[in-house]
**Student:** 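Sharing a structure below in structure tokens format, with a few things to ask.
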Amino acid sequence: MIDITSIPPYKPEEIEPKWQSRWEADGLYHADPDPKHTKFYALTMLPYPSGDLHIGHWYAMTPSDARARFKRMQGYNVFFPIGFDAFGLPAENAAIKHQIHPKQWTYANIERMRTQLRSMGNMFDWRSEVVTSDPEYYRWTQWFFVQFFKHNLAYQMEAPVDFCPNCNTTLAREQVQGEDRHCERCGTPVIKKNLKQWLFRITNYAEELLDFSDIDWPETIKTLQTNWIGRSKGAYITFKTESGEPIEVFTTRPDTLWGATFLVLAPEHPLVNQITTPEQAEIVAAYQEQAMRQSDIQREAATREKTGVFTGAYAINHATSERIPIWIADYVLMTYGTGAIMSVPAHDQRDFEFARQFDLPIRVVIQPEGAPELAPEEMTAAVEAYGTMVNSGLLSGTAADKSLETAVAFIEQMGIGRGAVTYRLHDWLISRQRYWGAPIPIIYCPKCGTVPVPEDQLPVLLPDDVEWLPTGESPLKLHPTWRFTTCPVCGGPAERETDTMDTFMCSSWYYMRYLSPHYDQYPFDPQLYRYWMPVDTYTGGSEHATMHLMYVRFFHKAARDCGITTGREPMRQLRNQGMVLGEDGEKMSKSRGNVIAPDDLVQRYGADTVRSYLMFFSRWEVGGPWNSSGIEGNSRWLRRVWATLLEPADGGASREVLRALRRKTHQTLRAVTYDYENFEFNTIISSLMELLNEMGRAKATGAFGTPEWDEAVDIYLRMLAPVCPHIAEELWERLGKPYSIHTQAWPQVDEEAARDEEITLVVQVNGKLRDRIQVPLGISDAEAEQKALASPAVQQALAGRQVRKVIVVPGKLVNIVV
RNA sequence: GCCGAAGUGGCGGAAUAGGCAGACGCGCACGACUCAAAAUCGUGUACCUACGGGUAUGUGGGUUCGAUUCCCACCUUCGGCACCA
């Protein structure tokens, strides 16, 4: 009899901290360049130190860690670093609310989160840790700004910009979201403010950003970025006012030029005041003011009635030599194209509505194929389809498929315009009127103008002795001495820029700093850069699609053009995880009381169980609601792994049982290898559960202690190690295998062992399942057909009917058609 | 309105993708162990059935010997965009 009590119980609370300290002490996860191994840079998005590691962090990081471990066992030299995106508003809000310095708040949170992160048992190389609010980090953030400034990729502009009245700062276009145009961080609707701000020329890279050919990124992210960039092909066309003032418009339909019966300018268009006639001046001014106020409140839905006023001025349509009126209307946006349009009411719905509203002429110049002949007075909507050009002078009769290029050629020949491409994308506004960020390293000198801080004077340090006003105004502006300095060029008195940088700037290059976080000659050690870059796999949330994930691509390309980086893209492969919801299916939030705290789970079940459940409960890219009883299943599974592998049993299994055990072991290995590679984490766990069930059955029939059993155990632990690193290490040791399992090689599939000897042949009659018969592998089609027809169940289903056709799918199925 | 993703048992999901629908787990039911309970182990678990079989992967069509998988139309949910000329 076997003495069950001799088996020690599985105690994750003991083995997990034990192994974590041992791995740490041994530097097990340190990655250094090694020419003998292919490098693999695995990266998970760095967390913001909000105070507590939440289940979302675990969900993002655990599968990334498991896959990094898998890659390492496959023989890659894997670098898997971690850090903190430590600048940002919450720290400052805490400062204002609780009278605690943002630095103190941030660094205390980081300390706490480091401990929590360690409890996950990830293979982070902590030597590479980066904190973006450390002066030795933001020195180089500022340095990048200076390089961009020198290469004319950073510039200052005064314009109406999006401003969050709650966060008290300007925002980039990407950080304004939704129909009500609210702040990405706090949800408050933004307002427009006329301010002088720093921007990066991301629009220079619009075309290159649309090219995803070098990278393996999810289609959804590529689509979101493509839509955000919003490329439109068309033409610029210059009209002239009667007094000879040029007005340039952008259109995607140069083929409709002959139908342009009026022009519309945005109310803020700089030409408006110049061209407005004295009689119209008052009404135009009133409209401008109203439009200004309206954009200050909120932009309304697209369905609202068109408004606008006539300027009194006329322009000449060079194509028709016609005199056409110039209007202003708020449906034309100053921020897109040239802020002016040619209005073609017959072929653009918005222009149509405007023309009907104000009784402006409508002229048909496109006749779509198959449509009844269009008559302006009968139209109830614009016809936007392409078609044959009509009423278009020399170009009349041009077919739909040629109309665009023919029209552009005509316009260019006439010298009134040119083919062009515009983008919806705006330049990246990086100025923030906040304290807790990297100061923009610029000095304003009354004599020398705008001067970058010399590189050897970086970083521009944030002063510690600051005070917050309840108004939320940046303390840097109010600091008694900090802003006053001397000009680095002439030495005269000068002032510092008091704005800090968007924190997305900090997170645009951290993957380079990880390589050498304390290197003080350059943002990174070039030798390490050559070895490790680019990032091979990047993981994180898809909510960053048009922010971080676009900025980081821009940044890398811009840095390349400054001669700093190489390669077109920073991250070769991207995968996004979904979100863990509360048990009620809603987003977790303190106010809802549905928050699942990972620390509690670790205490109750151990990190390995939490890890395996997170990888098991849903498709990783989808996520879903937490289930408190679901995790019990994973807890049971690991206890069963423990018992099945450790508890001895009697031997004496038959050859068939052992053969079947080997087959299942290697089939599982094949499936699990595929799943790790392809981010299909949930089926890794179910395959491991299945194999354990099979091992349990084999053990009950005497497999324990046989070479086949030992092989199954060995392969099992190696497959388990990336998901549950602690229990795998502990069992590995208890079974007398050499430390550490995490430096072992990934096992090879023995295809011979994995091969089925018998297969289940599915027999259908007219596509309906009638029988399943066991046949040897490699059976001929004729034999399969014969066996299928011989089946009594099939004979019954055939009921004596004539067989018309038999389809045999080798190794799978026979379908008999009658 | 435009762009994109997704709809499979009571629940999470599987089916490497035209070829056995529901793997694995949760839950539930029954049984074993126990004075009892918990834990553990075992068995069962899509629906209907006149026990022959029939019906099922959001709905309706289509292609095919065969469709969760491909095509068309529609419905629902989620995400993005918002008069972008």
**Student:** Rounding to an integer number of Å, can you tell me how far A:Ile229 CD1 sits from B:rG80 P?
**Tutor:** 18 Å
**Student:** Would you mind reading off the distance between A:Ile341 atom CD1 and B:rC83 atom P, rounded to a whole angstrom?
**Tutor:** 13 Å
**Student:** In whole Å, measure the gap between the P atoms of B:rA36 and B:rA32 for me.
**Tutor:** 10 Å
**Student:** Looking only at atom P, what distance separates B:rC11 and B:rG19, rounded to whole Å?
**Tutor:** 26 Å
**Student:** Between atom CD in A:Glu353 and atom P in B:rA85, what is the gap in whole Å?
**Tutor:**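 My rounded result for the distance is 16 Å.
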**Student:** For B:rU49 versus B:rC2, give the span between their P atoms, rounded off to a whole number of Å.
**Tutor:**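 B:rU49 and B:rC2 have their P atoms separated by 45 Å.
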**Student:** Does a side-chain N or O of A:Arg636 approach OP1 or OP2 of B:rU40 to a distance below 4.0 Å, or not?
**Tutor:**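 Indeed, a polar side-chain atom of A:Arg636 lies that close.
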**Student:** Would you measure the distance from the P atom in B:rC70 across to the matching atom in B:rA38 and give it in whole Å?
**Tutor:** 47 Å
**Student:** Taking B:rA6 as the reference, what is the distance to B:rA14 when you measure between their P atoms (whole Å, please)?
**Tutor:**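 To the nearest whole Å, 12 Å.
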**Student:** Considering only heavy atoms and no angle criterion, is a donor-acceptor pair shorter than 3.5 Å present between the side chain of A:Lys812 and the base of B:rC20?
**Tutor:** no
**Student:** Give me the distance, rounded to whole Å, that separates B:rC75 from B:rG66 when you measure between the C1' atoms they each carry.
**Tutor:** 27 Å
**Student:** What about the rings of A:Phe212 and A:Trp217, do their centers lie closer together than 6.0 Å?
**Tutor:**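 Ring centres of A:Trp217 and A:Phe212 not closer than 6.0 Å.
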**Student:** Whole angstroms only, please: what is the CG-C1' distance between A:Asn627 and B:rC11?
**Tutor:**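 After rounding, the reported distance stands at 7 Å.
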**Student:** Could you check how far CG of A:Asp330 sits from C1' of B:rC83, rounded to whole Å?
**Tutor:** 9 Å
**Student:** Could you give the distance separating B:rU68 and B:rA85 at their C1' atoms, to the nearest angstrom?
**Tutor:**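 Straight-line distance between the two C1' atoms is 43 Å.
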**Student:** Look through every strand shown and name the nucleotide pairing with B:rA29 as Watson-Crick or G-U wobble, where both distances are under 3.5 Å.
**Tutor:** B:rU43
**Student:** Provide the Watson-Crick or G-U wobble partner of B:rC78, both distances under 3.5 Å; none if there is no partner.
**Tutor:**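 Because both required distances fall under 3.5 Å, B:rC78 counts as paired with B:rG4.
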